[in-house]
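Accompanying notes for the structure given below.
For the numbers below, each heavy atom of this structure counts, side chains included, while hydrogens, waters and symmetry mates do not.
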Amino acid sequence: MAENSIYQLQQSMAPVTKITGNPAYNTNYNQGKNSTTSFNQLLTQEIAGVKFSQHAQQRLQSRSIKLGQAELVKLNDAVEKAAQKGANESLVFMSNSNLALVVSVKNKTVITVMDGANSKENVFTNIDSAVIV
């Protein structure tokens, strides 16, 4: 026997309002817990690209290694390619500048940097991929 009941919506609906201004600071939009903070952090990370750990920054300074804008673009592209292949920890070798960088692909963070003189005859461990640019 088919049921012939009519069901009505039990929960009242709030009127829909237009969100204006910056959604991160709009109280109507920010009803979730830490949702805008996470979104802002993710957005900033996506825009900024690869970042350098404290250790990597110390290695750059102690070895007087300077990365130009073109090298940073190549590094970001290499990390994106490694991420598309499912890599977690990758060695990025920049052949033009003779630099080896170990990168956490998931965190988009350079862990350490070596120039050609320091990378010779070294064994790179705890990596699952290599990108040569």
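Here CG of Leu99 is found 10.5 Å from CZ of Arg63. Values are rounded to the nearest 0.5 Å. Summarising the geometry, atom CG belonging to Leu91 is positioned 8.5 Å from atom OG belonging to Ser129; distances are rounded to the nearest 0.5 Å. Interatomic distance, His55 NE2 to Thr109 OG1, rounded to the nearest 0.5 Å: 13.5 Å.
Across all non-hydrogen atoms, the minimal contact from Glu71 to Met94 is O-CE, 3.1 Å. Contact between Lys51 and Asn107 at its shortest, heavy atoms only, is NZ-O, 3.4 Å. Across every non-hydrogen atom of Ala82 and Val105, the tightest pair is CB-CG2, 3.9 Å. When every heavy atom of Ser90 is checked against every heavy atom of Ile127, the shortest pair comes out as C-CG2, 4.3 Å.
Using a 4.5 Å cut-off between side-chain heavy atoms of Ile, Leu, Val, Met, Phe, Trp and Tyr, with links allowed through other members, Val103 and Leu60 fall into the same hydrophobic cluster. The hydrophobic clustering, which links ILVMFWY residues whose side-chain heavy atoms are closer than 4.5 Å, places Val73 and Leu75 apart. Linking ILVMFWY side-chain heavy atoms closer than 4.5 Å, directly or via other members, places Val92 and Leu67 in a single hydrophobic cluster. The hydrophobic clustering, which links ILVMFWY residues whose side-chain heavy atoms are closer than 4.5 Å, places Phe124 and Val110 apart.
In this structure the side chain of Asn98 reaches within 4.5 angstrom of the side chain of Phe93, judged on heavy atoms. Using a 4.5 Å heavy-atom cutoff, the side chains of Val131 and Lys85 are not in contact. Between Ile65 and Val113 the shortest side-chain heavy-atom distance falls below 4.5 Å.
Counted within 6.0 Å of CG on Asn126, heavy atoms from surrounding residues, nucleotides or ligands total 12 or fewer; the atom is thus considered open.
Within the 3.5 Å criterion, the main-chain N or O of Val133 finds a donor-acceptor partner in the side chain of Ser95. Here the side chain of Thr112 pairs no donor or acceptor atom with the backbone of Val102 at under 3.5 angstrom. No side-chain donor-acceptor contact under 3.5 Å links Asp128 to the backbone of Ala87.
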